[in-house]
Amino acid sequence: MEEKKIIFSGIQPSGYFTLGNYLGAIKNWTKLQHEHNCIFCIVDMHAITVRQEPKNLRQRTYDSFVQLIACGLEPEKALLFIQSHVPAHAELAWLLNCYTYMGELNRMTQFKDKSSRHSENINAGLYTYPALMAADILLYQTDLVPVGEDQKQHIELTRDIAIRFNNLYSPTFVVPEGYFPKAGARVMSLQEPDKKMSKSDENENAYITLLEEPSRIMNKVKRAVTDSENQVRYDIKNKPGISNLIDIYASITGKSIEDIEREFSSAGYGQFKNAVGEAIVETLSPIQERFKELSKEKGYINNLIREGAEKAERMSYKTLNKVMRKIGLYQVK
Ligand code: TYM
């Protein structure tokens, strides 16, 4: 039998989750929880690197937790918690900041992208965001990090920091690896298919959220930007819009790209879009129903949030203490 691995991943509560979040990350999380030791975190401290309305942040954090359970994460199997409830994340982030070079942070495309979109608020947290992400991952001696493709660069940096620290002192951190889905690792905007689908997009037609009504989903897929060839064929370079829809359909149905091209070889875009829209609605409907039911169970959810924090706190201090000792911070035995 394959050895149980430690899996860690995080998601920001900065809006309702999108189809990109689901297909790129959460769907893999629900599979991995049955075979491995999984830890999933709502990363609220990452979210405040851009301004958040306090009331909204509070509500979205709760809703994010509920959404993860509605998506199929089982609190008896996977450890779920909120980042700010476990102080070791911020503590280790500070320590790792001292082992991360500005040259490395300067290269991060997410920083470049976010600082150009929020030019009025390029704060130090936005810049050192990857050190906090490295702390999240390394605290739990993580083997695998299931994420979408946009997080590849951050995981590379996490590996570099871990290797650097291990070499400077002695083996302290497991060096983690990224884990990406075959299809759905990079779901693109429905309006500008050369950009990734993002919950912070100004154009609502660019993304689908997990809680979106079926009629809106069907409409957004129908309006998705394609090309004039009217041939369902995968070609990212010349047909990014239709390729994105094929990728979404492949991820949801588990069918291969070749099978999808064959199945729709004599269909036009209208018919294909209909099938894609219906597949999305079919996947999201049960999630939406569970979300509605679970949101009402505030006592139950808050208990889970409390228990998750306690468990994560116990686990995280082991690594944090080890790191402090190796660095030479004075500890009373
Ligand atoms: P975030 O909150 O932007 O996204 C959460 C997860 O969803 C994936 N994702 C996508 N996948 C495919 N297509 C898309 N269009 C798409 N948009 C988002 C992301 O790759 C991610 O897996 N920095 C992270 C959060 C984080 C984290 C961590 C992740 C903080 N600490 C530790 C892993 C481990 C982020 O901003 O994700």
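Read the numbers this way: they start at 1 and go in the same order the structure lists the ligands and their atoms. What you see below is based on every heavy atom in this structure, not just the backbone, and it leaves out hydrogens, waters and symmetry mates.
When hydrogens are left out, the protein atom nearest atom 15 (N) of ligand 1 is V187 O, 2.7 Å; that is the closest non-hydrogen contact. The protein heavy-atom contact nearest to atom 19 (C) of ligand 1 is D150 OD1, 3.4 Å. At the shortest separation from atom 23 (N) of ligand 1 among protein heavy atoms lies Y129 OH, 2.6 Å. Given atom 31 (N) of ligand 1, the protein heavy atom at minimum distance is D136 OD2, 2.7 Å. The closest protein non-hydrogen atom to atom 10 (C) of ligand 1 is G20 O, 3.4 Å.
Every atom of ligand 1 is numbered from 1 in the order shown, and the set under 4.0 Å from a heavy atom of G184 is 12 (C). Close contacts of ligand 1 with K199, meaning ligand atoms under 4.0 Å from a residue heavy atom, involve 2 (O). The contact set between ligand 1 and G24, taken as ligand atoms under 4.0 Å from a residue heavy atom, comprises 11 (N), 12 (C). Against a heavy-atom cut-off of under 4.0 Å, A25 is close to the following atoms of ligand 1: 6 (C), 7 (O), 22 (O). Below 4.0 Å from some heavy atom of Q12 lie the following atoms of ligand 1, by number and element: 2 (O), 35 (C), 36 (O). Those atoms of ligand 1 with a heavy atom of V145 less than 4.0 angstrom away are 33 (C), 34 (C). Proximity to A185 (heavy-atom distance under 4.0 Å) selects the following atoms of ligand 1: 11 (N), 12 (C), 13 (N). Every atom of ligand 1 is numbered from 1 in the order shown, and the set under 4.0 Å from a heavy atom of R186 is 12 (C), 13 (N).
An N or O contact shorter than 3.5 Å is missing between K196 and ligand 1 by distance. The distance criterion of under 3.5 Å between nitrogen or oxygen atoms is not met by M188 with respect to ligand 1. Ligand 1 has no N or O atom lying under 3.5 Å from any N or O atom of V147, backbone or side chain. Taking distance alone, with nitrogen or oxygen atoms compared against 3.5 Å, M133 stays at or beyond that limit from ligand 1. Geometrically, ligand 1 and I137 share no nitrogen or oxygen pair separated by less than 3.5 Å. Polar contact with ligand 1: absent for S9 (N/O pair, distance under 3.5 Å).
Side-chain atoms of Y269 and D227 include a donor-acceptor pair closer than 3.5 Å. Between the side chains of N203 and D201, no donor-acceptor pair of N or O atoms lies under 3.5 Å. At a cut-off of 3.5 Å, with distance as the only test, a side-chain donor of T209 or E212 sits close to an acceptor on the other residue. Y317 and E91 are linked by a side-chain donor-acceptor pair at a separation below 3.5 angstrom, with hydrogens and angles left out of the test. For the residue pair E213 and Q288, no side-chain donor N or O sits within less than 3.5 Å of a side-chain acceptor on the partner. D150 and Q110 share no donor-acceptor pair across their side chains, judged by distance under 3.5 Å alone.
Contact between S9 and P146 at its shortest, heavy atoms only, is OG-O, 2.8 Å. Across M315 and L79, no two heavy atoms sit closer than the pair SD-CD2, 3.7 Å.
The backbone N or O of T319 lies less than 3.5 Å from no partner atom in the side chain of Y140, so there is not a single donor-acceptor pair. A donor-acceptor pair is defined here as one N or O able to donate and one able to accept, closer than 3.5 Å; no such pair exists between the side chain of E278 and the backbone of A275.
Taking all heavy atoms of I7, T18, N21 into account, the minimum distance to atom 4 (O) of ligand 1 is reached by N21. Scanning P130, G10, S14, C41 for the heavy atom closest to atom 33 (C) of ligand 1 points to G10. For the residues H46, Q151, H89, the heavy atom positioned nearest atom 37 (O) of ligand 1 is part of Q151.
Taking the centre and axis of the six-membered ring of Y207, the NZ or CZ atom of K220 falls inside the cone set by 45° and 6.0 Å.
Around NZ of K112, the count of heavy atoms belonging to other residues, nucleotides or ligands within 6.0 Å exceeds 12.
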Passes side chain to side chain contact (heavy atoms under 4.5 Å, CB included), F81 versus I39? Steps please.
-> CA-CA 8 Å; F81 71 100; I39 308 168; 3.5 Å; yes
